[in-house]
2 protein chains.
Amino acid sequence: MRRGKPNDPGRRSRILEATLDVIKTDGISAVSYRGVAAHAEVPLGSMTYYFPTLKGLILTALDSTRSELEPRYAAPLRDARTAADVVDALVDATIGSTSPSLADIRLYEEIRHRGARDPDVAAVLQAVEDDSLLMLQPVAPTRIALAINALLWGWWSHRLAHPDTSLDEATVRGPYEAIVGLAAADHPSHKKEQHRA
Amino acid sequence: MRRGKPNDPGRRSRILEATLDVIKTDGISAVSYRGVAAHAEVPLGSMTYYFPTLKGLILTALDSTRSELEPRYAAPLRDARTAADVVDALVDATIGSTSPSLADIRLYEEIRHRGARDPDVAAVLQAVEDDSLLMLQPVAPTRIALAINALLWGWWSHRLAHPDTSLDEATVRGPYEAIVGLAAADHPSHKKEQHRA
DNA sequence: GTAAAGTGCGTACAGTGGTACGTACTTTCA
DNA sequence: TGAAAGTACGTACCACTGTACGCACTTTAC
């Protein structure tokens with residue numbers, strides 16, 4: 001039997017959003033009940049009520065990004081018909097309109113960082129990556145999808161380390177073309193029309 | 001005038017080593033005066049004596065890795081004569097004998113992570129990367145050296161996220177060949193002998 | 001209406017952290 | 001042989017942390 005009702009149903013999700021804000025700004029290690037409470041303008045007691053442990057709060061917050069981060073460059077990749085489309089989508093995901101903001105890259109970096117030590121967070125990371133590999137499956141065999149993922153993360157990581165300089169499009173495009181070209185050469189059953197620019 | 005002498009001259013460097021140990025094992029955020037003191041078997045007072053601020057200790061420790069991490073795969077790259085040599089060196093640096101241990105990758109990840117927020121640490125990172133780009137200069141124009149760096153870091157990062165699975169050599173080699181091949185195609189003045197495997 | 005169950009939150013506790021500081025020891029110079 | 005300067009370290013302070021816990025308030029069942 002359900003008794004009692006929350007008088008502020010949005011409170012829980014406000015806490016989660018505030019947590020992500022703090023993570024993006026100052027990192028996971030800066031997440032504290034009190035800090036997030038202040039940021040979300042809720043009392044400390046609310047924090048421990050909705051999230052009895054801090055680890056649980058962080059994990060829930062990180063997990064909530066899965067549905068938000070992934071689909072951004074998923075659609076363009078799924079719609080790609082030719083190898084050139086794939087390259088376009090990758091370039092765009094790296095530095096273009098579908099690419100993550102610096103804050104989002106920071107968030108992603110936080111997940112990777114934490115994931116290296118916390119198996120629960122590693123699971124979140126793994127889920128994102130599995131999605132990504134599956135998404136690339138139609139355009140490249142796993143072997144090459146791995147390389148694409150590695151390079152994509154490498155470029156994002158570069159952007160994070162050099163926030164003031166922007167990557168040239170040609171710099172990014174060439175290597176993607178070369179790698180995607182491998183897929184066509186290796187295994188012509190994958191999307192055809194490999195060509196040099 | 002110099003008066004007084006340290007009665008344990010190795011103490012300072014023992015502290016630095018212990019600090020790196022802690023960073024590799026539990027991350028920068030786990031570095032505390034007390035924890036490192038226990039690990040290095042020195043009294044707490046020694047810590048603050050040699051390193052008045054914790055930030056200074058961490059920075060000094062991180063900086064001390066520059067001379068240790070870099071030259072490992074520097075020599076093979078410098079000695080590379082042909083494009084094939086370069087690819088071999090890169091593959092080796094990724095998963096082979098000159099590649100960093102997981103602990104070292106973790107350390108590198110710590111530097112990148114911290115560097116995203118702390119300009120002083122970012123400077124350390126920048127120095128390492130500058131060295132790396134300079135080293136690749138003879139075999140690839142900067143544009144392509146950037147891509148190689150990004151991919152190399154991507155692979156390392158992959159290893160960190162998947163400590164239990166090992167990367168296939170063929171998986172790693174193909175993309176390197178493709179990217180290094182770009183250098184030869186683009187700018188034939190760089191080391192010749194591009195060829196497909 | 002009243003008791004019980006559930007919701008929401010203020011407070012307090014125990015632990016850990018960086019770092020300031022006083023003190024003792026050692027070396028050097030007059 | 002002092003005394004000053006530098007070395008080394010034990011202790012203590014204060015800030016901040018996660019979290020346990022108890023007290024109100026709201027809703028529901030009888």
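We name chains A, B, ... by the order of the sequence lines, and we start the count at 1 in each one.
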Stepwise salt bridge (Lys or Arg N to Asp or Glu O under 4.0 Å) check, A/Arg117 with B/Glu110: CA-CA 12 Å; A/Arg117 296 211 163 74; B/Glu110 289 295 327; 2.8 Å; yes

B/Ser157 side chain to A/Trp153 side chain, donor-acceptor N/O pair below 3.5 angstrom: yes

A/Arg11 side chain near C/dT7 phosphate (N/O to OP1/OP2, under 4.0 Å): no

Any A/Tyr49 side-chain nitrogen or oxygen under 4.0 Å from OP1 or OP2 of C/dT7: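 The answer is yes; a side-chain N or O of A/Tyr49 sits under 4.0 Å from OP1 or OP2.
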
Base versus backbone protein contacts along nucleotides 15-22 of chain D [heavy-atom cut-off under 4.0 Å; B, S, -]: --BBB---

Ring geometry between B/His158 and B/Trp155 (parallel below 30°, tilted from 30 to 60°, perpendicular above 60°):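 B/Trp155 vs B/His158 ring planes: perpendicular.
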
Ring geometry between B/His113 and A/His113 (parallel below 30°, tilted from 30 to 60°, perpendicular above 60°):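 Rings of A/His113 and B/His113: parallel, as their planes differ by under 30°.
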
Partners meeting salt bridge (charged side-chain N to carboxylate O under 4.0 Å, His left out) with B/Asp88 (sequence neighbours left out):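 For B/Asp88, the residues satisfying salt bridge (charged side-chain N to carboxylate O under 4.0 Å, His left out) (neighbours in sequence not counted) are B/Arg173.
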
Interatomic distance where CZ belongs to B/Arg12 and P belongs to D/dT7 [whole Å]: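 Roughly 13 Å, once rounded to whole Å.
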
Integer-rounded Å distance: C/dC9 C1' and A/Met47 CE: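 Roughly 13 Å, once rounded to whole Å.
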
B/Arg66 bridged to B/Asp63 by N-O distance under 4.0 Å: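 Salt bridge: yes.
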
